[in-house]
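One structure below.
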There are 2 protein chains.
Amino acid sequence: MSEETSRPTLEAVAARAGVSRATVSRVVNGGTGVREPLVERVRRAVEELGYVPNQAARSLVTRRHDAVAVVIAEPETRVFADPFFALQLRGIGKELTAHDSQLVLLLTEGRDDHVRVGRYLAGGHVDGALVFSLHLDDPLPGLIHGAGVPTVFGGRPGWGDGVPDVVYVDSDNRGGARDAVRYLVGLGRTRIGHITGPLDQTSAVDRLQGFRDVMVDAGPRMVGEGDFTPAGGESAMRELLDRCPDLDAVFAANDLSASGALRALRESGRRVPDDVAVVGFDDMLPVAEQTDPPLTTIRQDIEEMGRLMARLLLGGLEPRGAGAGREAANAPSSVVLPTTLVRRASA
Amino acid sequence: MSEETSRPTLEAVAARAGVSRATVSRVVNGGTGVREPLVERVRRAVEELGYVPNQAARSLVTRRHDAVAVVIAEPETRVFADPFFALQLRGIGKELTAHDSQLVLLLTEGRDDHVRVGRYLAGGHVDGALVFSLHLDDPLPGLIHGAGVPTVFGGRPGWGDGVPDVVYVDSDNRGGARDAVRYLVGLGRTRIGHITGPLDQTSAVDRLQGFRDVMVDAGPRMVGEGDFTPAGGESAMRELLDRCPDLDAVFAANDLSASGALRALRESGRRVPDDVAVVGFDDMLPVAEQTDPPLTTIRQDIEEMGRLMARLLLGGLEPRGAGAGREAANAPSSVVLPTTLVRRASA
DNA sequence: CAGACTCCAGAGAGCGCTCTCAAGCGACGC
DNA sequence: GCGTCGCTTGAGAGCGCTCTCTGGAGTCTG
């Protein structure tokens with residue numbers, strides 16, 4: 001198995017094929033400008049020797065790493081318990097693979113990790129970074145942005161709107177929320193409440209904003225603060241019912257909260273959707289389909305968000321060759337993905 | 001921001017500190033054998049210049065990468081929808097961070113990816129690999145095992161028991177299953193069914209085996225084949241009820257199946273746990289706590305499994321320095337983690 | 001058929017780092 | 001007081017690769 005005989009080098013391939021290192025290198029890297037018979041000979045030598053380029057040596061001279069860091073900054077266990085990141089990772093992974101790039105995963109937890117990650121990124125070990133920053137007060141995005149590494153954020157960073165060269169990919173949280181609430185209005189509901197997410201996250205803030213856009217007259221008593229968890233949704237729902245017993249619809253900021261809300265409604269003896277209609281957000285299948293009744297919700301294409309983040313980053317990386325120093329000609333710009341309403345039974 | 005002035009090298013630090021490259025290198029890598037005043041001067045120079053070692057250059061000579069690949073081979077979306085991998089990743093990430101190693105994530109889907117991953121690992125880009133191989137017929141583990149890369153598997157690979165140098169970390173699926181079923185027996189239940197996972201996965205096979213260990217007389221009609229999803233659990237439960245209407249308990253191979261089973265039981269008018277007691281497996285909090293009634297289940301410490309995998313791999317990597325060629329003195333061996341029963345309301 | 005040009009292959013200089021080896025120097029023993 | 005030893009530092013040789021530059025064939029044009 002673990003042959004101690006070290007792996008073949010370019011030199012070895014060159015010797016075997018009877019050509020120079022340079023020629024082998026050319027063949028291995030695309031093979032333009034080498035005549036066919038030679039290409040063939042080199043190919044065969046590579047094959048026979050089982051040659052694989054040494055990435056370290058290559059990086060040393062090219063200064064490219066064909067690797068992208070994915071930074072997930074999340075102190076809470078909770079986030080790991082929902083499939084959100086997993087799906088984004090999946091999208092990212094696919095896109096990176098298609099570009100022959102590796103995915104270096106940086107999981108951070110606590111302040112020390114921030115320093116570590118900042119240093120790692122500033123150290124130039126990767127070509128770029130994809131950063132998930134969910135909390136408004138998270139220092140990490142700033143740190144990274146200052147590190148001079150090409151970066152695309154997942155979700156709108158709280159401070160990002162003013163800063164011109166911040167690139168992010170996000171769902172249209174506000175628009176989606178508006179759609180949800182308008183749908184409830186269309187159903188003839190008039191006393192519509194909202195269960196928020198944690199308001200230190202932009203997505204939660206945006207969804208609340210969308211709710212307010214439609215329900216301009218809704219007072220604060222129609223808004224219960226949740227935290228994206230079932231438990232939070234449940235207690236927010238109870239509060240809402242206390243303050244407004246004749247409420248006839250709820251828009252929950254995510255499916256998990258909605259599932260908690262359903263539970264609270266059931267306990268209070270209300271029927272869904274007859275007495276109270278419920279709409280969620282995310283369309284997380286294992287949740288949305290399994291609730292009782294199945295959840296009407298706003299779908300966001302999470303995997304596509306991941307894919308897009310990677311594409312944006314790699315696209316911005318591409319035209320490096322010439323013209324160093326001038327502003328990137330095709331600097332990518334942020335993308336906001338549309339959402340769609342998925343009708344099930346809860347509204 | 002993105003200063004085009006390239007990052008400082010060892011050379012630059014050496015010049016600034018008025019010493020040789022070699023000395024700076026020594027200080028940067030632990031600093032033994034360098035006199036204190038020099039150490040201090042080098043430290044300051046590093047600080048002032050913001051020097052970060054170039055990992056590529058370092059790897060080129062040391063042949064270490066301080067990076068570990070995590071290979072997740074899973075064609076199904078489903079697996080991404082449960083928090084299993086996320087939790088393992090978390091454990092792995094923590095342990096790797098503690099050892100200053102990076103985590104390179106390789107997501108595979110389909111045969112082409114296998115080749116790609118095999119090549120990547122054989123290419124010596126990482127110091128080792130952590131591989132999740134769930135399916136018995138997965139060619140990937142074999143490929144990797146043959147690639148001569150130190151590897152620890154997550155979950156017992158199907159073919160792994162005979163092969164001496166296969167190292168894996170797994171939960172005691174069989175023992176846990178026995179505990180679950182014995183618990184039901186202890187409750188006085190006698191007509192106990194089992195909903196399996198997909199039987200091409202060792203964990204599902206082992207859990208079924210554990211069930212059989214206790215219910216030695218249970219015929220095949222007491223076993224319904226599921227697939228670890230709620231939908232699969234639901235239909236398996238229905239089958240089971242068809243075949244054996246007076247069934248009084250079910251052990252489901254995971255919590256997701258159990259949630260489906262609960263739904264089927266509810267629809268059939270049975271009360272849980274009065275008519276039928278239900279026990280799951282995994283103790284996935286968002287699932288197990290949210291079902292109605294909350295699920296009694298077998299807990300496995302998933303994050304700890306991840307941590308252990310990383311520790312085993314890194315531990316086996318450590319004593320490389322001398323003695324190349326001889327069998328690793330402290331070759332790690334597989335670990336099977338115990339499980340515990342968590343009582344909630346469903347049984 | 002000469003000159004200019006194009007195309008292809010090889011030579012060689014590093015990329016930034018580690019690590020061996022040798023040199024320098026003070027301390028110690030006889 | 002001289003030889004020897006140990007400890008600290010510096011010099012220099014690569015690690016495996018890319019990429020520029022140069023030289024040698026062909027090819028085309030006038």
Side-chain angles (χ1 to χ4, degrees), chain A residues 4-43 45-46 49-67 100 122-125 127 320-322 324, chain B residues 5-43 45-46 49-67 122-125 127 320-322 324:
Chain A
E4 269 317 322
T5 152
S6 59
R7 297 180 306 104
T9 70
L10 246 206
E11 190 80 50
V13 177
R16 178 161 199 125
V19 299
S20 71
R21 279 203 320 280
T23 299
V24 178
S25 177
R26 277 188 274 259
V27 171
V28 170
N29 298 291
T32 61
V34 179
R35 236 178 307 232
E36 189 47 42
L38 275 200
V39 171
E40 193 44 47
R41 246 164 56 206
V42 171
R43 286 256 162 76
V46 165
L49 263 39
Y51 170 74
V52 182
N54 179 321
Q55 182 63 35
R58 183 180 272 174
S59 296
L60 188 55
V61 27
T62 60
R63 273 102 201 295
R64 302 191 83 256
H65 300 87
D66 293 318
D100 275 317
H125 302 303
D127 299 326
R320 43 171 50 225
Chain B
T5 151
S6 59
R7 298 182 304 105
T9 71
L10 247 206
E11 190 79 51
V13 177
R16 179 161 198 124
V19 298
S20 72
R21 277 203 322 279
T23 299
V24 178
S25 176
R26 277 188 275 260
V27 172
V28 170
N29 296 292
T32 61
V34 178
R35 236 178 310 233
E36 188 48 41
L38 275 200
V39 171
E40 191 45 45
R41 243 160 62 203
V42 171
R43 287 257 163 74
V46 164
L49 263 40
Y51 170 73
V52 182
N54 180 321
Q55 183 64 36
R58 182 180 273 175
S59 296
L60 188 55
V61 28
T62 60
R63 273 101 200 295
R64 301 192 83 257
H65 300 86
D66 293 318
H125 301 303
D127 300 325
R320 42 171 51 226

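In what follows, every chain begins at residue 1, and chains take the letters A, B, ... in the order their sequences are listed. For clarity, every value in this text was computed on a predicted model and none was experimentally measured.
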Original post:
Which of these nucleotides, dG10(C), dA9(C), dG16(C), is closest to any side-chain atom of V61(B)?
Top reply: dG16(C)
Original post:
Between H65(B) and G124(B), is there a donor-acceptor pair closer than 3.5 Å when you use the side chain of the first and the backbone of the second?
Top reply: yes
Original post:
To the nearest Å, how far apart are E11(A) CD and dG10(C) C1'?
Top reply: 12 Å
**OP:** Could you state the atom-to-atom distance from CG of L38(B) to P of dC7(D) in whole Å?
**Re:** 17 Å
Subject >> Rounded distance in Å - CZ (R41(B)) to C1' (dT8(D)) >> reply: 13 Å
Original post:
Rounded to whole angstrom units, what separation is found between the CZ atom of R21(B) and the P atom of dC19(C)?
Top reply: 13 Å
**OP:** Grab the two heavy atoms, one from R58(A) and one from V28(A), that are nearest each other, plus how far apart they are.
**Re:** NH2-CG1, 3.8 Å
**OP:** With the side chain of A57(B) defined as its heavy atoms from C-beta on, choose the nearest nucleotide among dC17(C), dA9(C), dG16(D).
**Re:** dC17(C)
Subject >> Nucleotide of dG16(D), dG16(C), dA13(D) approaching T9(A) most closely (side-chain heavy atoms) >> reply: dG16(D)
Subject >> Nearest-Å distance for atom pair CZ/C1', residues R64(A) and dT18(D) >> reply: 14 Å
Subject >> Between dC7(D) (C1') and E36(B) (CD): distance, integer Å >> reply: 16 Å
Original post:
Can you check whether D66(A) reaches D100(A) side chain to side chain, under 4.5 Å on heavy atoms?
Top reply: no
**OP:** Specify the separation, in whole Å, of atom CD of Q55(B) and atom C1' of dG16(C).
**Re:** 12 Å
Original post:
Choosing from dT18(D), dG16(C), dG10(C), which nucleotide comes nearest the side chain of N54(B)?
Top reply: dG16(C)
Original post:
Counting only distance, no hydrogens or angles, is the base of dG10(C) paired donor-acceptor with the side chain of R26(A) under 3.5 Å?
Top reply: yes
**OP:** Indicate yes or no: at least one non-hydrogen side-chain atom of R21(A) is less than 4.5 angstrom from one of T9(A).
**Re:** no
**OP:** Choose from dC15(C), dC19(D), dT18(C) the nucleotide whose nearest atom is closest to any side-chain atom of R63(A).
**Re:** dC15(C)
Original post:
Is the count of non-hydrogen atoms from other residues, nucleotides or ligands lying under 6.0 Å from R41(A) atom CZ greater than 12?
Top reply: yes
Original post:
Under 4.0 Å between a side-chain N/O of T23(B) and OP1 or OP2 of dG10(D), yes or no?
Top reply: yes
Subject >> Phosphate contact (dG10(D) OP1 or OP2) by S20(B) side-chain N/O below 4.0 Å >> reply: yes
Original post:
Taking only side-chain nitrogens and oxygens of S25(B), does any of them come within less than 4.0 Å of OP1 or OP2 of dC17(C)?
Top reply: no
Original post:
Where the side chain of P53(A) is defined as all heavy atoms beyond and including C-beta, which of dA9(C), dC17(D), dT18(C) is the nearest nucleotide?
Top reply: dC17(D)
Original post:
Nearest-Å distance, CG (L10(B)) to P (dC15(C))?
Top reply: 13 Å
Original post:
Of the nucleotides dC17(D), dC17(C), dT8(D), which one has an atom closest to the side chain of R35(B)?
Top reply: dT8(D)
